[in-house]
Student: 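I have a structure here, written as structure tokens, and I will follow up with some questions on it.
Computed over heavy atoms, backbone and side chain alike; hydrogens, waters and symmetry mates excluded. All residue numbers refer to positions in the sequence shown, counting from 1.
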Amino acid sequence: MWPSGTRKPYGLHPAVRAGSRLRDSNERLSLTLGAFLAGLAVSGTPYRHEVQTEMAPFRSLLLSFFFISVGLSIDVPALLRNLPFVLLAAGALISMKSALGFAAARLNGWSVPGATQMAFLLAQGSEFTLVILSLGAIVTGMPVPLMSSVVAAVALSLAIAPVWAGLGARLSREIVRRTQSRTEAAPASTPLLDRPVIIVGMTQTGRLAVDALEDHGIPYLATEFDPDRMLSAVADGYKVSFGDASNIKLIEAIGGNKARAMVLGIPRYEVSLDVTPVVQRRFPDLKRFITVDSPEDMVRFSELGIRTHFAMGEPRGIEMVIDMLNALGVPEDEVSAWISHETERFAIGEAKPDEDDEDLDPLDSDLDQAA
């Protein structure tokens with residue numbers, strides 16, 4: 001399941017052990033609810049994209065089984081007898097969630113068109129509602145006709161969701177159109193500002209690229225397939241997801257189809273050779289950058305269409321990062337100022353070990369004299 005040459009992400013083990021203990025301590029815990037809680041726990045870890053990629057072949061199949069089980073749980077004769085109640089419950093659910101979603105979005109600073117679209121998009125009943133309704137305590141405490149009607153109302157809201165979301169999108173566009181007709185049209189934001197840069201490998205070069213992107217307010221997505229290097233980067237405050245970027249499905253899962261550029265922090269020629277045809281076909285506008293240590297690698301990676309730079313200056317990869325910033329449209333004066341600041345910071349970091357050695361010299365001489 002895990003990429004070759006790497007260890008399993010042992011960060012998941014505590015969550016698995018906790019789930020096992022919870023299951024042992026409460027035998028009435030639903031397996032469905034347990035699976036939901038496990039997914040919720042994994043979604044908050046750096047391994048979420050890797051798990052999502054590995055589970056993709058099973059997702060549609062399991063989702064189909066889930067909704068088939070929901071459909072089989074509906075008592076059709078009871079549903080027909082309570083059809084007015086089902087329609088009223090579904091309408092009330094969608095209306096209430098739309099109103100609450102709009103209010104919550106506005107309180108969090110969303111614009112009126114954005115809040116409208118979001119409220120309509122999330123108005124349906126959720127799968128988690130069906131999970132809750134399947135709990136033993138709920139099933140035994142609710143009459144069968146009522147249970148069937150509630151499940152049918154939630155299922156009906158899910159069926160209406162695409163039409164309701166489309167209505168919200170049209171309504172939000174109409175609000176934007178009427179607002180712009182009354183006021184001067186604001187300048188359109190550059191779409192590139194919302195497109196991230198993918199960092200593959202949190203080596204010194206990868207970290208330098210992340211620092212540059214953060215300093216210039218450019219979004220990025222960092223991946224790392226080595227658990228130790230990933231944990232080290234996370235400990236230093238970087239946002240990193242676990243996964244091997246040679247897996248194209250992982251790149252798509254983290255938003256690679258919207259990426260502006262990709263920085264290869266680890267030169268792996270064989271991997272680049274294998275994935276280059278697929279990358280060029282699926283992401284034709286994606287610029288790739290890499291730093292290498294030998295002229296042979298520089299020629300080989302350049303032939304793959306990768307913007308290759310020879311590591312000459314310090315910190316390592318500075319030439320590649322400068323080219324990346326220029327390609328992303330950062331003004332030259334800002335790039336120059338960043339280079340000066342970064343070079344100065346690197347020089348200070350290099351000087352600290354030397355100062356520490358000098359501080360230890362008197363102690364070493366005293367020890368030599370005592371000997």
Side-chain angles (χ1 to χ4, degrees), residues 2-3 5-15 41-52 196-247 250-251 253-256 259-268 288-293 309 311 313-325 328 330 334-335 337-357 359:
W2 306 108
T6 63
R7 296 194 299 268
K8 292 182 180 180
Y10 42 81
L12 296 181
H13 293 176
V42 172
S43 66
T45 69
Y47 308 104
R48 60 188 181 277
H49 295 303
E50 182 72 11
V51 174
Q52 178 183 353
V197 175
I198 298 178
I199 310 297
V200 180
M202 290 302 289
T203 58
Q204 181 183 2
T205 303
R207 291 188 178 208
L208 183 65
V210 169
D211 293 338
L213 295 172
E214 287 186 338
D215 291 342
H216 291 89
I218 301 174
Y220 71 92
L221 296 167
T223 66
E224 178 55 69
F225 67 92
D226 182 83
D228 294 330
R229 197 156 48 217
M230 187 208 72
L231 292 176
S232 175
V234 171
D236 290 338
Y238 293 98
K239 297 179 181 179
V240 189
S241 297
F242 179 83
D244 192 346
S246 63
N247 186 347
L250 175 66
I251 298 299
I254 64 177
R260 304 167 62 179
M262 175 183 291
V263 173
L264 304 176
I266 307 172
R268 294 190 292 171
R288 292 178 292 167
F289 302 85
I290 195 171
T291 296
V292 297
D293 296 311
H309 297 269
E314 293 291 347
R316 188 181 189 280
I318 188 70
E319 302 87 0
M320 180 206 67
V321 174
I322 293 172
D323 185 28
M324 177 193 70
L325 293 176
L328 295 177
V330 178
E334 294 185 14
V335 175
W338 179 83
I339 295 172
S340 302
H341 176 265
E342 196 65 25
T343 305
E344 197 174 302
R345 184 167 60 180
F346 178 79
I348 293 174
E350 287 292 303
K352 285 183 178 180
D354 297 337
E355 294 174 0
D356 294 339
D357 292 341
D359 293 340

Student: With rounding to the nearest 0.5 Å, note down the distance linking CG in L213 to CG in L325.
Tutor: 7.0 Å
Student: Kindly say whether G265 contributes a backbone atom to a donor-acceptor pair with the side chain of T203 at under 3.5 angstrom?
Tutor: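 Flag set: sc T203 to bb G265 pair under 3.5 Å.
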Student: Working to the nearest 0.5 Å, report the span between CD1 of I339 and CD1 of I322.
Tutor: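 I339 CD1 to I322 CD1: 3.5 Å, rounded to 0.5 Å.
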Student: Considering residues at least two apart in sequence or located in another chain, which fulfil the salt bridge (charged side-chain N to carboxylate O under 4.0 Å, His left out) criterion with D293?
Tutor: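 Partners of D293 by the salt bridge (charged side-chain N to carboxylate O under 4.0 Å, His left out) criterion, ordered by chain and then number, come out as R316.
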Student: Any non-hydrogen side-chain atom of L208 less than 4.5 Å from a side-chain atom of E342?
Tutor: yes
Student: For R288, give me all partners under side chain to side chain donor-acceptor pair (under 3.5 Å), at least two apart in sequence or on another chain.
Tutor: T276
Student: Calculate, to the nearest 0.5 Å, the distance between atoms CD1 and CE belonging to I199 and M262 respectively.
Tutor: 9.5 Å
Student: Looking only at heavy atoms, which two atoms of I266 and G201 are closest? And how far apart?
Tutor: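 Between these two residues, the closest heavy atoms are CD1-CA, 4.0 Å.
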Student: Show me the side-chain donor-acceptor pairs of residues 215-222 shorter than 3.5 Å, one per line, residues at least two apart or across chains.
Tutor:
{"residue": "D215", "atom": "OD2", "partner": "W338", "partner atom": "NE1", "Å": "2.9"}
{"residue": "H216", "atom": "ND1", "partner": "A212", "partner atom": "O", "Å": "2.8"}
{"residue": "Y220", "atom": "OH", "partner": "E214", "partner atom": "OE2", "Å": "3.0"}

Student: Hey, are the side chains of S232 and D228 touching, using non-hydrogen atoms and a 4.5 Å cut-off?
Tutor: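 Counting from C-beta outward, S232 and D228 never come under 4.5 Å.
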Student: Does R229 have any side chain to side chain donor-acceptor pair (under 3.5 Å) partners at least two apart in sequence or in another chain, and if so, which?
Tutor: E224
Student: Hey, could you give me the CZ/CG distance between F242 and L231, rounded to the nearest 0.5 Å?
Tutor: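 Reported to 0.5 Å precision, the distance equals 9.5 Å.
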Student: Are R207 and V210 close enough that some pair of their side-chain heavy atoms sits under 4.5 Å apart?
Tutor: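 No, too far: nothing below the 4.5 Å cut-off.
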Student: Search all heavy atoms of G317 against all heavy atoms of T291 and return the closest pair with its distance.
Tutor: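 Scanning both residues, the minimum pair turns out to be CA-OG1, 3.6 Å.
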Student: Return the CG to CD1 distance between D323 and I318, rounded to the nearest 0.5 Å.
Tutor: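 Interatomic distance, D323 CG to I318 CD1, rounded to 0.5 Å: 12.0 Å.
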